[in-house]
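A short worksheet on the structure shown next.
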Protein chains: 2
Amino acid sequence: MTALHERIRTDIEKKILGGELKPGDRLPIEHDLMAEYGCSRMTVNKAISALAAAGLVQRKRKAGTFVATPQAHAMVLDIPDLADEVRGRGQAYRYRLLHREVCNAAKVDASLEIEGDVLWTVGVHMADGKPFAHESRAVSLSAVPDIDEAVFDPEGPGTWLLRHVPWTEAETRISASGAMDGEAQALRVPEQTPCLTVTRRTWRADEHVTAVRQLFLGGSYSLVAHFGASQ
Amino acid sequence: MTALHERIRTDIEKKILGGELKPGDRLPIEHDLMAEYGCSRMTVNKAISALAAAGLVQRKRKAGTFVATPQAHAMVLDIPDLADEVRGRGQAYRYRLLHREVCNAAKVDASLEIEGDVLWTVGVHMADGKPFAHESRAVSLSAVPDIDEAVFDPEGPGTWLLRHVPWTEAETRISASGAMDGEAQALRVPEQTPCLTVTRRTWRADEHVTAVRQLFLGGSYSLVAHFGASQ
DNA sequence: TAGTGGTCTAGACCACAGC
DNA sequence: CTGTGGTCTAGACCACTAA
């Protein structure tokens, strides 16, 4: 037997998804649902709050609960750790370090938009010995002093950071560009091969932790974003 | 005054994000938090359940609540309506229809992965008279019978659908590719120019509504995803 | 088997915003 | 002003599972 609040939630969800309740329609008030399901108000509230959190309905005091019009432009983008993702596909993962240097951010690629002293790394991510992504990364030394001692052989700095440094805020910018000289060479493709470009900046409590620019071979990599019930 | 369950939630969240509580650490049991905050167990439960729903902690009966190891990060991807976005930048928007046909899905680009009879449209999105995105779209006629009468002159089918058809589920796949013959011509760029490729499929209650493939000029368009407090 | 979370009750007071 | 949701209580029983 599933929980009652779960049943109430899915009941209403079905009505909305099935078209019985259309955007703008008003749901029964909590007191009526209490009577309908013969339960307490908290149980009804839990069910409808979940729907509101999922964006299916909108609640307004005094007015009631209404089916939302889902012109939601917000989708959930999965950003997996590259090492985990490659291994998840049953392939061997390796990060090959091409360059490592402690320097001032000014020396690093300006697109990374980071400041102060940093550890700058350049490398490629490889699946079964074949490179599929080029990465240029700057890690702030003031935010992550330990990074200086880290070794990036089987796994890259991204994986290391993920396991050692929690972050509170991140921004990812996704675009497309042609592989430039060094990038193309590292990826073993012709120059100007179309690549998915991902630039991510990460903060921890207002302190800039890392900035990274990754180039993925267009034909062999994609990001996926979801909206809705299906995971 | 913020709600108490909200305060408990953010308190613990800060401890996790600040590193005070590390992945694998065990949180105090609900009874202890009750005592700490001087509230009822339901209030504590609501706070921690929210953290669990957000993926920050993992709950296990008999064992306790543990800080989760963040592997795949879910970020919020903003997917704006192209017409709104262009106008928001103060530019003039127009959709130019290149092809319109009612046919069976089999005839349409296979990458759209849709079935049955559809309205197939091909067009370009233009900002200030300059094309910046190529779009090939299939709309299911059984899901959206009205689409047959719609006119796509100043605005495209995407905007029309957004305003007329609510959807409940969507999947967006983001990659990069070189512009092909027709696409390159419509965008007025050389063939193989790197483009951001966005393929989106949309459902309403298990019924496939539309599938679309958009090519954006790599240098002039990007998607942005956020995680954290800032918007 | 016992500790822990999962769920639920039958009330209560309050804040807010439509009416 | 009043209907509605937001929050909270002080219990209770149950289900699961790790010890």
Side-chain angles (χ1 to χ4, degrees), chain A residues 1-17 20-70 72 229 231, chain B residues 1-16 20-71 229:
Chain A
M1 181 60 186
T2 84
L4 180 54
H5 71 83
E6 197 72 22
R7 214 191 96 206
I8 300 175
R9 182 185 184 282
T10 53
D11 273 5
I12 298 175
E13 205 170 73
K14 277 177 192 162
K15 286 183 185 173
I16 293 174
L17 298 182
E20 191 174 336
L21 284 168
K22 293 176 185 170
D25 283 0
R26 182 176 157 166
L27 265 61
I29 64 170
E30 295 191 348
H31 186 272
D32 289 352
L33 288 169
M34 257 173 80
E36 182 180 339
Y37 287 93
C39 66
S40 77
R41 204 186 131 207
M42 280 240 47
T43 306
V44 168
N45 184 282
K46 188 164 187 175
I48 308 204
S49 293
L51 290 174
L56 259 77
V57 303
Q58 203 171 5
R59 315 201 77 181
K60 284 182 193 167
R61 282 176 159 112
K62 166 68 180 176
T65 302
F66 301 87
V67 178
T69 56
Q231 238 290 322
Chain B
M1 178 60 183
T2 87
L4 179 55
H5 71 84
E6 198 71 22
R7 214 190 97 205
I8 300 175
R9 183 185 183 280
T10 53
D11 272 7
I12 299 176
E13 205 170 74
K14 278 177 191 163
K15 286 182 184 171
I16 294 174
E20 190 174 337
L21 284 169
K22 292 176 184 172
D25 284 0
R26 181 176 159 167
L27 264 61
I29 65 171
E30 296 191 349
H31 187 271
D32 289 351
L33 288 170
M34 256 174 80
E36 182 179 339
Y37 287 93
C39 65
S40 76
R41 202 185 134 211
M42 279 235 56
T43 305
V44 168
N45 183 281
K46 188 166 187 174
I48 307 203
S49 294
L51 289 174
L56 259 78
V57 303
Q58 205 171 3
R59 316 200 75 181
K60 284 182 195 169
R61 282 175 158 111
K62 165 71 180 174
T65 302
F66 301 86
V67 178
T69 56
Q71 299 202 353

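What's counted below: heavy atoms across the whole structure, side chains too, no hydrogens, waters or symmetry copies. Numbered from 1 within each chain, the chains take letters A, B, ... in sequence-line order.
- Following rounding to the nearest Å, A:M34 (CE) and D:dT4 (C1') show an atom-to-atom distance of 14 Å.
- Comparing A:C39 and B:L27 along DNA chain C, the residue whose closest nucleotide (by nearest heavy atom) sits nearer the 5' end is B:L27.
- Between the B:R26 side chain and the B:A63 main chain, a donor and an acceptor come within less than 3.5 Å of each other.
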Dump the intermediate steps for side chain to side chain contact (heavy atoms under 4.5 Å, CB included) on B:L33 and B:I12, then the final yes or no.
CA-CA 11 Å; B:L33 288 170; B:I12 299 176; 4.3 Å; yes
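- One atom, NZ of B:K62, and another, C1' of C:dG3, lie 4 Å apart when rounded to the nearest Å.
- Between the CZ atom of B:R59 and the P atom of C:dG3 there is a distance of 18 Å, given to the nearest Å.
- By the 4.5 Å heavy-atom criterion applied to side chains, A:L51 and A:T65 are not counted as neighbours.
- One atom, OH of B:Y37, and another, P of D:dT7, lie 17 Å apart when rounded to the nearest Å.
- Five base pairs at each end of the helix from C:dT1-D:dA18 to C:dG18-D:dC1 define two local axes, and these are offset by 20° (rounded to 10°).
- Between the NE2 atom of B:H5 and the P atom of C:dC14 there is a distance of 18 Å, given to the nearest Å.
- Neither OP1 nor OP2 of C:dG11 sits under 4.0 Å from any side-chain N or O of A:S40.
- Nearest-nucleotide assignment on DNA chain C puts the 5′-proximal partner with B:T65, out of B:T65 and A:E6.
- Counting all heavy atoms, side chain and backbone alike, B:E20 lies closest to B:D25 at O-OD2, 4.1 Å.
- Using a 4.0 Å heavy-atom cutoff across all strands shown, B:S49 reaches no nucleic acid atom at all.
- Note on B:T43: a side-chain N or O is less than 4.0 Å away from OP1 or OP2 of D:dT9.
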Intermediate values then yes/no, side chain to side chain contact (heavy atoms under 4.5 Å, CB included), B:K22 and B:V67:
CA-CA 7 Å; B:K22 292 176 184 172; B:V67 178; over 6 Å; no
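- Among the heavy atoms of the strands, none lies under 4.0 Å from B:H31.
- A sub-4.0 Å separation between OP1 or OP2 of C:dT4 and a side-chain N or O of B:R41 is absent.
- Nearer to the 5' terminus of DNA chain D, by closest-nucleotide assignment, is the contact made by A:G64 (compared with the other of A:M42 and A:G64).
- Atom pair A:L33:CG and C:dA10:C1' shows a separation of 17 Å (rounding to whole Å applied).
- Within the model, atoms NZ of A:K46 and CG of A:L4 stand 11.0 Å from one another, a figure rounded to the nearest 0.5 Å.
- Between A:R59 and A:N45, the shortest heavy-atom distance links the atoms NH1-ND2, 3.8 Å.
- The interatomic distance linking B:L4 (CG) with D:dA10 (P) rounds to 12 Å, in whole Å.
- Here D:dA19 presents its C1' atom at 14 Å from NZ of B:K60, a figure rounded to the nearest Å.
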